[in-house]
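Below is one structure; the comments refer to it alone.
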Protein chains: 2
Amino acid sequence: MSEFSIPSEVQAQFDSHELVAAIAQDAQSSEVLMLAWMNRESLELTLATGEVTYWSRSRQELWRKGATSGHIQKVHSISYDCDGDALLLKVEQNGAACHTGERSCFYREIKR
Amino acid sequence: MSEFSIPSEVQAQFDSHELVAAIAQDAQSSEVLMLAWMNRESLELTLATGEVTYWSRSRQELWRKGATSGHIQKVHSISYDCDGDALLLKVEQNGAACHTGERSCFYREIKR
């Protein structure tokens, strides 16, 4: 999948066997939906297919978002941060992002 | 600072000596500004002061955002995700969030 150029800062993370954090944000509403993780293969699959695949740290396997629930995420854009260890994915979210059924995983507030 | 109740899911992370990821989002524009990390003390300081303090993984010290640059982040709200290992901070960002001078750290896009 060499037609996609993964930036060198992000490559460096993968070369160090580090994951990158991936923030999914609703491309229309700008709501932050979830935070998950990507390894090189999941980012390559995401770029190649236009649908988001994460790396599940708990299951230690590729996690094609929505594979079982149908709650897929179509990619609008992917940005990377200044030190290359975090990605911002603007997505079109089908249904709920959260496994609880909530639209966003960040549905509870810390009271001050 | 026991007047603030840190949710048990988030406490569990700290009890396991894990950091939590902290996404900063502009409370007005909804732009995602940066991703950083918090330990228990940084979250307590953030809740107590109303201004964001992170934990710097590279320097292994508390990092009061804007302490040197003046680019402080005032807290509007803090949410936590379904598994308690990520926070979403809606903030009022003074100046640039990124050390490069860009408003957001996610200023570069991966071309597809």
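Proteins come first, then strands; the chains are lettered A, B, ... in the order of their sequence lines, and each starts at number 1.
Around atom CZ of A:Arg64, no more than 12 heavy atoms belonging to other residues, nucleotides or ligands sit under 6.0 Å away. In A:Lys65, the NZ atom is crowded: over 12 heavy atoms of neighbouring residues, nucleotides or ligands sit closer than 6.0 Å.
At a threshold of 4.5 Å between side-chain heavy atoms, the hydrophobic network of Ile, Leu, Val, Met, Phe, Trp and Tyr places B:Ile72 and B:Tyr54 in two separate groups. In this structure, B:Ile110 is not a member of the same hydrophobic cluster as B:Tyr107, with clusters built from ILVMFWY side-chain heavy atoms closer than 4.5 Å.
A side-chain contact (heavy atoms from CB on, under 4.5 Å) with B:Leu88 is found for exactly one of A:Leu33, A:Val32, A:Leu35, namely A:Val32.
Proximity of B:Asp85 to A:Arg57: side-chain heavy atoms (C-beta onward) are separated by under 4.5 Å at one or more points.
Only the side chain of B:Ile23 comes within contact range of chain A, with at least one heavy atom under 4.5 Å from a heavy atom of that chain.
Remark: side-chain polar atoms of B:Glu102 are not paired, donor with acceptor, to backbone N or O of A:Cys82 under 3.5 angstrom. No donor-acceptor pair closer than 3.5 Å links the side chain of A:Gln25 to the backbone N or O of B:Glu31.
Pairing each heavy atom of B:Phe106 with each of A:Ser79, the nearest pair is O-CB, 3.7 Å. The heavy-atom pair separating A:Asp81 from B:Arg108 by the smallest distance is O-NH2, 3.0 Å. The two atoms that bring A:Ser77 and B:Glu109 nearest to each other are CB-OE2, 3.6 Å, heavy atoms only.
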